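Taking it in order: structure first as structure tokens, then the write-up.
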Amino acid sequence: MIDLKLLRNDPDTVRASQVSRGEDPAVVDHVLAADAEHRASLASFEAKRAEQKSLGKSVAQAKGEEKQAVLAQAKALAGEVKELQASADAAAARAVELARSLGNIPEQGVPSGGEENFTVLRHEGTPRDFAAEGVDVQDHLAIGEGLKAIDMERGAKVSGSRFYFLSGIGARLELAILNAAMAAAQDAGFSPMITPTLVRPETMAGTGFLGNHADEIYYLEKDDLYLVGTSEVALAGYHSDEILDLEGGPLRYAGWSTCYRREAGSTGRDTRGIIRVHQFQKIEMFSYVTAADAAAEHARFLATEEAMLQALELPYRVIDTAAGDLGQSAARKFDCEAWLPSQERWMEVTSTSNCTTYQARRLGIRERGEHGTEAVATVNGTIGTTRWIVALLENHQQADGSVYVPPLLRPYLGGLEVLEPVR
RNA sequence: GGAGAGUUGACCGAGCGGCCGAAGGUGACAGUCUUGAAAACUGUUGAGGCGUAACCCGCCUCCGCGGGUUCGAAUCCCGCACUCUCCGCCA
């Protein structure tokens, strides 16, 4: 949630934010009106309530007839107070609901517009010239099937479309990626966490995923639990309603979890292979950081992700996501996109968001500051996921269907330097 | 699945329907003492909100969460969540 004080003092900034996100700036005025209404009704409730309390105290002292009179008066007051409270509560609920619909305010420099309006910050590495090498490019599924690493057919048989089995070297490769990512995160100061993948409604709502993303989320009605689409959910909930001590620097966690996504709006998109699936694994970095240091922490996340992609010898570009594609909580988002030779396009492999205080305010995560408690900032980012198998197989494929293993992963694959096809 | 006990501030822990935002203790912080430290002593020390843009100050809310009873609820009643113990079941 956005800071209501900021909204009152500087509504123009919030209006501009709405415009850059491609959303309605008039919502700002609706929020302001609802907020004013709330405060007015709150004031009249509080005044009446104070009156009731002081009268209530005199009941105990009063005697005889006088007591009867006071009691009657108090009874009448109680009814009024109850009504005023109800309308104040209702006004508060309206104001909060409206305020919550406002997305975070994009950082300076974020391009405005929608999904296609991103800025490319830089390219790292060079895509191979497969033609020159005499390699007939195969897509990750063809390579994966050659290695007997990926089995989509049986995945569909057992669980339906967008499910798969990773078998043999495929399973080992995923574990290698995740373990290497976990180790890299740990080296960067992140504390390893294996998180719950089912969370309660409060947790899911608190992280802001029940807004725009609601359709993306699996829900278990019988148990009133949600399946997480990323361990960010659990890691953000981890310190909810707490006052943190960030004197010693940010609290950094690396969460390992399976992630579940319904992919409701993406029928027909990335249908082949494991690029877009209902279930995958991911190592997610997550930091709780003093608001003033959030941008620096965000840069650190990006650097850590890039170091990982470089160690895996993957050519990639970094994009600065446009305001309309940030999602509710982020103020800035950098994606790293690896080259996908079979489709000659870029494919998202990491995404790091600076949510500033937006997520933490909603979750009640604070620290002690100069003027009492202040909301902390949260930053999240990918450091390894199942999808990386796609990038690795395609970029490191050889003419004979084997796949080169970058040195970083070898210790996690028993020293293997090349993945050989299975005949 | 059955039976029972519990949830109070950073932590432990007391709490009669009104004088309870809450005793006492621990911790933390500040001061006195000390060459310095420890000990001792003294004081301070919850969160959210409104009035105000900020201070002072005033007021309101918060004793797991949500309802109810009552003039008045941490205290009584109901529902829910969570924790613990015992029994059963499964491994």
Side-chain angles (χ1 to χ4, degrees), chain A residues 1-14 31-100 195-196 198-206 210 219-226 234 237-248 251 288 291 357-376:
Chain A
M1 190 165 70
I2 230 177
D3 183 1
L4 278 181
K5 283 211 177 90
L6 171 83
L7 184 78
R8 278 178 217 143
N9 298 337
D10 187 8
D12 282 339
T13 297
V14 186
V31 177
L32 283 172
D35 178 51
E37 204 177 306
H38 166 226
R39 281 185 293 157
S41 68
L42 185 62
S44 55
F45 156 68
E46 287 186 349
K48 194 61 85 176
R49 175 73 175 145
E51 200 183 318
Q52 183 198 23
K53 278 176 79 165
S54 67
L55 185 66
K57 283 189 180 137
S58 67
V59 168
Q61 273 91 53
K63 299 215 168 35
E65 257 176 59
E66 191 194 348
K67 182 157 192 166
Q68 291 312 309
V70 175
L71 262 178
Q73 206 181 339
K75 213 162 202 165
L77 255 181
E80 287 181 61
V81 166
K82 205 158 214 173
E83 274 176 42
L84 285 169
Q85 177 163 33
S87 65
D89 286 351
R94 270 196 303 278
V96 166
E97 195 196 330
L98 272 169
R100 284 197 169 193
T195 65
L198 286 167
V199 300
R200 315 173 74 190
E202 301 92 289
T203 305
M204 193 54 96
L210 284 186
Y219 173 58
L220 302 182
E221 196 166 24
K222 228 172 179 174
D223 301 283
D224 197 19
L225 289 170
Y226 292 89
Y238 188 66
H239 284 304
S240 60
D241 294 317
E242 294 184 22
I243 296 173
L244 304 179
D245 181 4
L246 300 180
E247 286 288 302
L251 292 177
Y288 296 90
T357 56
Y358 188 93
Q359 195 173 52
R361 186 170 292 109
R362 174 177 272 201
L363 287 165
I365 307 168
R366 297 149 294 162
E367 65 172 325
R368 295 188 196 282
E370 297 267 314
H371 311 286
T373 63
E374 290 159 11
V376 305

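Bear in mind that the values here come from a model prediction, so they are computed numbers and not experimental data. We name chains A, B, ... by the order of the sequence lines, and we start the count at 1 in each one.
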- prompt: Is B:rG88 paired to anything, Watson-Crick or G-U wobble with both distances less than 3.5 Å, and if yes, which nucleotide?
  reply: none

- prompt: Within this structure, what is the CG-to-P distance between A:D89 and B:rG66, rounded to whole angstrom?
  reply: 10 Å

- prompt: Any side-chain donor-acceptor pair under 3.5 Å between A:D224 and A:Y219?
  reply: yes

field: Whole-angstrom distance between B:rC84 and B:rC29, as gauged at atom C1'
entry: 35 Å

task: Using a heavy-atom cut-off of under 4.0 Å over every strand shown, decide if A:K48 touches base, sugar-phosphate, or nothing.
output: nothing

- prompt: Considering Watson-Crick and G-U wobble pairs with both distances under 3.5 Å, what does B:rU26 pair with?
  reply: B:rA10

field: Nucleotide B:rC65, atom P - distance to CZ of A:R200 in whole Å
entry: 13 Å

- request: Using whole Å, report how far CD of A:E51 lies from P of B:rC60.
  value: 12 Å

message: As a quick check of understanding, evaluate side-chain contact (heavy atoms from CB on, under 4.5 Å) for A:L55 and A:L77, giving each step before the final call.
response: CA-CA 9 Å; A:L55 185 66; A:L77 255 181; 3.6 Å; yes

query: Relative to the 5' end of RNA chain B, which residue comes earlier, A:D35 or A:K75, by the nucleotide with the nearest heavy atom?
result: A:D35

- prompt: Say you pick atom C1' in B:rU61 and the same atom in B:rA73; how far apart are they, in whole Å?
  reply: 14 Å

query: Does B:rG31 pair with anything, Watson-Crick or G-U wobble, both distances under 3.5 Å, and if so, with which nucleotide?
result: B:rC41

field: Whole-Å C1' distance, B:rA47 and B:rG25
entry: 22 Å

- request: Check whether any side-chain heavy atom of A:Y226 sits under 4.5 Å from a side-chain heavy atom of A:L220, and report yes or no.
  value: no

- prompt: Between A:R368 and B:rA47, is there a side-chain N or O to OP1/OP2 distance below 4.0 Å?
  reply: yes

Any A:R39 side-chain N or O less than 4.0 Å from OP1/OP2 of B:rU52: no

Nearest-Å distance once atom C1' is located in both B:rC89 and B:rC82: 23 Å

task: Answer whether the closest heavy-atom distance between the side chains of A:Q85 and A:R49 falls below 4.5 Å.
output: no

query: Closest to the A:R366 side chain: B:rC50, B:rA47, B:rC71?
result: B:rA47

query: When rounded to the nearest Å, what value does the distance between P atoms of B:rG64 and B:rA74 take?
result: 10 Å

field: Step-by-step side-chain contact (heavy atoms from CB on, under 4.5 Å) determination, A:V31 to A:L4
entry: CA-CA 9 Å; A:V31 177; A:L4 278 181; 4.3 Å; yes

message: Taking the P atom in each of B:rC63 and B:rC19, what is the distance between them to the nearest angstrom?
response: 15 Å

field: Pairwise C1' distance for B:rA23 and B:rG79, with rounding to whole Å
entry: 32 Å

B:rG72 pairs with, by Watson-Crick or G-U criteria that keep both distances under 3.5 Å: none

task: Check for a donor-acceptor pair, side chain of A:R8 on one end and backbone N or O of A:A36 on the other, with a separation under 3.5 Å.
output: no

Rounded interatomic separation in angstrom, taking CG from A:N9 and P from B:rU52: 14 Å

message: I need the CZ-C1' distance between A:R8 and B:rC50, as an integer number of Å.
response: 9 Å

message: Whole angstroms only, please: what is the CD-P distance between A:E242 and B:rG9?
response: 13 Å

field: Pair assignment for B:rC19, Watson-Crick or G-U wobble, requiring both distances under 3.5 Å
entry: none

task: Could you please name the option among B:rA47, B:rG49, B:rU61 that lies closest to any side-chain atom of A:I243?
output: B:rA47

query: Less than 4.5 Å apart, any side-chain heavy atom of A:L244 and any of A:R366?
result: no

- request: Tell me which nucleotide among B:rG49, B:rG72, B:rA47 gets nearest to the side chain of A:E46.
  value: B:rG49

task: Please report, rounded to the nearest Å, how far the P atom of B:rA54 is from the NZ atom of A:K5.
output: 6 Å

- request: Tell me the partner of B:rC50, counting only Watson-Crick (N1-N3 plus N6-O4 or O6-N4) or G-U wobble (N1-O2 and O6-N3) with both under 3.5 Å; none if nothing fits.
  value: B:rG58

- prompt: Expressed in whole Å, how much space separates the P atoms belonging to B:rG72 and B:rC62?
  reply: 13 Å

message: Whole angstroms only, please: what is the NZ-C1' distance between A:K53 and B:rU61?
response: 8 Å

message: Which nucleotide, if any, forms a Watson-Crick or G-U wobble pair with B:rG79, using both distances under 3.5 Å?
response: B:rC65

